[in-house]
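What follows is a single structure, written as structure tokens, with notes after it.
Computed from heavy atoms alone, side chains included, the values below leave out hydrogens, waters and symmetry copies.
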Amino acid sequence: MAYGEPSAQEVKDQKIYRTFGLTDAEYDQIVTHMDRLPNYVETGVFSVMWSEHCSYKSSRPVLRRFPTTGERVLQGPGENAGIVDIGDQLAVVFKMESHNHPTAIEPYQGAATGVGGIIRDVFTMGARPIALLNSLRFGTLEDAHNRYLFSHSVAGIGGYGNCIGIPTVGGEVVFDDRYSHNPLVNAMCVGVIVHDKIAKGTASGIGNPVLVVGAKTGRDGIHGATFASTQDPHAKERSAVQVGDPFMEKLLLEACLELIDTGKVVGIQDMGAAGLTSSSAEMASRAGSGLILDVSKVPVRETGMSPYEMMLSESQERMLVVMKRGEEDIAYRIFEKWGLEATVIGQVTDDGFLTIVDGEDIAAKMPVTALVDDAPIANRPSMRPTYLDTLEEVIPASLASTDLHHDLLALLSSPTIASKEWVYNQYDSMVRTETFVRPGSDAAVVGIPDSKKAIALVTDGNGRQVYLDPYEGGAMAVAEAARNLVCSGAKPLAITDCLNYGNPEKAEIFYQFERSIDGLSEACRVLDTPVIGGNVSLYNESHGIDIYPTPIVGMVGLIENREHITTSAVKYVGDVLLLLGEIQPQPKALAGSEYLAIKQPQNALSYAMPAIDLQKEKALQDVTLAAIQQGAVQAAHDLSDGGLLVALAEMGIDGGLGVTVTLPDTTDPLSLTALCFGEQPSRILLEVKPADVEHVQQLADKAGVTCMAIAKVTEQLHFEVQQNTKQILCATLEEITASWRDSIRRQMQ
Amino acid sequence: MKVQAKIFVTLKGSVLDPQGVAVTKALHAMKYEQVEDVRVGKYLEVVFDVENDSQAHELVAKMCDQLLTNPVIEKYTYELVEVLA
Amino acid sequence: MKAAVISFPGSNCDQDAIKAIVSTMQIEADLVWHAHTDLSSYDLILVPGGFSYGDYLRSGAIARFSPVMEAVANEAQRGKFVIGICNGFQILTEAGLLPGALRRNESLQFQCEMAHLVVENASTPFTANYHFREEIIIPIAHGEGNYYADEATLDELVQNDQIVFRYADGHNPNGSVGSIAGIVNKKGNVLGMMPHPERAVHTLLGSDDGSKLFTSMLTTWREMHGVR
């Protein structure tokens, strides 16, 4: 035992496997698969491969419910990233991934390495990354630690993306104390590829060489994959924080794309979570092959690393590459040009085993199927949470707004709604000079190089809604993402998702997980946006409090003609703003709303939400897209957080013009409040030239979508609301702009 | 002989140090009112082989002037320590 | 006229610069790897933005020692047009081709936004097609764009009319002395600027005010060489 590791017998007798997170039953299964006692290294390798993070043991059976196919889907879940066809032999590659736990420990590096990891997932497929997005959740900014997590995460995301030269074009940030000290950082990367250049993570062809390329290996983040899946804060601290090196990754990106372009690469995979272990096992598993790897050949930056440490190191910016036999020199030449290492460490075999040697000694030998395919499934119990049955159906009249002016300003300055300039001005959103719609509109729009096409990108999710109704909330997340894309002029194509939940060992949490996936799936089916990849992050809890169930949807849409690109800013004085969808929502639409969260935080989660009608949603989106494509729309904006008045105010602020709103009559103050601030789903505002109003109204009528002229764009820089010829709210544009624009900056000073 | 140069790089006195200002403010906010000024700098450890002490000084000065500092805005001090095998 | 865009390990605005040169000037533009040592066949040399060598140590400090930089200095000496944008500006100051230095932004944050600039000198080869005091919109994206020069150097810059761009009134995004956004060398053939003109060459990108910077060079070069 050169490295002073316990013997196989000691691992069993002293139950050392438990410290790796394996249960007694899982350990017994390993013994059965191996037909002997696993040694220390093998036990470590199994423990990470069978961890929640790598094996998805809790979530796998539920994830099968997602629709994952469609005529445009070239690659669904199971690879490093999914791929969708956009025509002309071009395809879009994208994926979103969480880095919540590392961010909670070290926000700058945690967020930065999250970005680095997702970029690798995309260029591993042979795609050129062209855009990044981020979905973020933090506790409220009154808390100093939340401010620290927020500011450092943003700096880390910018630090990585800016340096590597991929624009960060969009995303969202929500603040709620349910995420206090347990932030969510979900990073999405989008790339483009020509169909015949697609690379995959397979290790096939007996005798083909296996190379480690990129950075040298150190002792970073050993057992990161297992620590992501545990709720014990001490266990979380045990692991060394990985430090990202975006400069190294920029070189790795260029070198890998150059290498893949030669056509001599058989398979390539990012060495992300669980490093060499999971990358090698997964590549062999996809090909049905085996691998023999000599860890003594892996370039290291620390001395005395054991095979165990080599296999589990999570050093960043590394890739595992299988080349065609005899073509290794190509890799050496390209990587040398970029000043990077490329080293053959083993080869592909046909024995179905992952064999790890350390020079002369065999350090481990495990069946690949046992590591990957036979990973246990945890059939978690699921139970409907009791809180769902105690939600009130009726919102009391006492919650009506008594001062619309005050409440509008309060909503506009609520950090969840307020301008995110403080955040996105720290990101380079313009590098690559293809960003046509920058952060701040409903969706980002990025041009496809050397093509007339553009793609629209968005991330969306509303944990409070999913908490109040897991099924409907899940469906709403997909619907809202698609609505945002449609408002930018795009046809939604497909989604990636990050599924962030609390502790799945609690039956109520598992119920939230299952039901929201059913809702997400149904909306994906109706809106024809299959799921092509994603990730699951469980055990998001802090001090015993689980986060809201927070599935985040990352969606990509296609704009065939750049003239159809639409933003949310109003453009011309005299234009009419049409409201499409439910005109007069019931008071119930205030349930789960930002208005309620501000008005009465203690009761914000006490009321049942209205459901979403996905068929109506689909009709609404079809009408909007048709009107945009016919050139009848000057601006479009989806109604979400804050409801109608907030959406109208945002359009005016963005366009620097006044808006005069004429509301339909209401019978009582609560109905008026629901009309102004309710968050009834499936609604869109369109700015239309007076001459086009009738045409758009006819389009809507034909599709059975309610449509009503609700406001006018004015030269006078006021935001004014009238009802029944009476003025019920009047603010200057300057006043609402200041509330909205400076709120986060003020709180961060 | 093998020596280690411990090099401290700071912004020149006349150059505003925005990091230093931010740290000063933070310390004041944390009630360290006695703090007058903070300058944030860089610390480098450079290990190399030389014949003698004077050559070591000469090399460090050259490295600092050429690459390790920007003489337009930065200044440096250093210590030399012999590294024992 | 022929252009070279230098690519260092970590450059990331090199392709953008080529696209902008080709689309606005309609001339040939080569991507030149930093290991090259001869730039004599080029009339315009552009040192692009990005994070050369990860901006480790100081922005531009390591790139300045790349083999190609000697050739850049030689061609600058011979009067060729040299333009450094963002990280390129930092490299040119580190290399001593332009006076002053770029410090961290006063906000300590990376800053990416549309910046309003005033053209302070419209008689350089880079600004000939602008009007004096014209206000233009060009994006910035940097963490270390806070221009510094001592009093004596500043006086000299003013005296020689070397200040080409300043941030427009009331909004200095990084704390630069005198709101300086771009300067030329004494001879007037080397320009350094923090804003990115190559990102402002099409209305779809939010501004096309940068186009005239590229066409200015073409106009000047043609006048100098009697080409129409």
Practice prompt. Applying side-chain contact (heavy atoms from CB on, under 4.5 Å), run through B:Asp17 and C:Arg103 and close with a yes or a no.
Written response: CA-CA 9 Å; B:Asp17 172 11; C:Arg103 300 166 299 178; over 6 Å; no

Worksheet entry | Any residue of residues 60-67 of chain B which, by heavy atoms, sits under 4.5 Å from chain C |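 When heavy atoms of chain C are the reference, residues 60-67 of chain B contributes B:Gln66, B:Leu67 within the under-4.5 Å range.
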
Fill in: Per-residue contacts, residues 31-54 of chain B versus chain C, heavy atoms under 4.5 Å
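The stretch touches chain C at B:Lys42, B:Leu44.
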
Worksheet entry | B:Gln55 atom CD, over 12 foreign heavy atoms within 6.0 Å |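 Yes.
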
Fill in: B:Lys6 atom NZ, over 12 foreign heavy atoms within 6.0 Å
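Buried by this count: over 12 neighbours within 6.0 Å.
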
Discussion item. Quick check on C:Asn105 against chain B: is it the side chain, the backbone, both or neither that has a heavy atom closer than 4.5 Å?
Written reply: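 For C:Asn105, backbone heavy atoms alone lie under 4.5 Å from chain B.
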
Discussion item. Between C:Leu57 and chain B, with a heavy-atom cut-off of 4.5 Å, which part of the residue counts as in contact: side chain, backbone, both or neither?
Written reply: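 It is both, since atoms from each part get that close.
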
Worksheet item: How long is the span from the OG1 atom in C:Thr93 to the CD1 atom in B:Ile73, to the nearest 0.5 Å?
Response: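 Those atoms lie 8.5 Å apart.
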
Worksheet item: Would you say B:Val72 and C:Glu94 make side-chain contact, with heavy atoms under 4.5 Å?
Response: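 No. Closest side-chain heavy atoms not under 4.5 Å.
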
Worksheet entry | Nearest atoms (heavy-atom pairs only) where B:Asn70 meets C:Arg58 |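 Closest approach of B:Asn70 to C:Arg58: CB-NE, 3.3 Å.
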
Worksheet item: Of all heavy-atom pairs between C:Glu106 and B:Leu16, which one has the smallest distance, and what is that distance?
Response: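 Smallest interatomic distance, heavy atoms only, reads OE2-CD2, 3.5 Å.
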
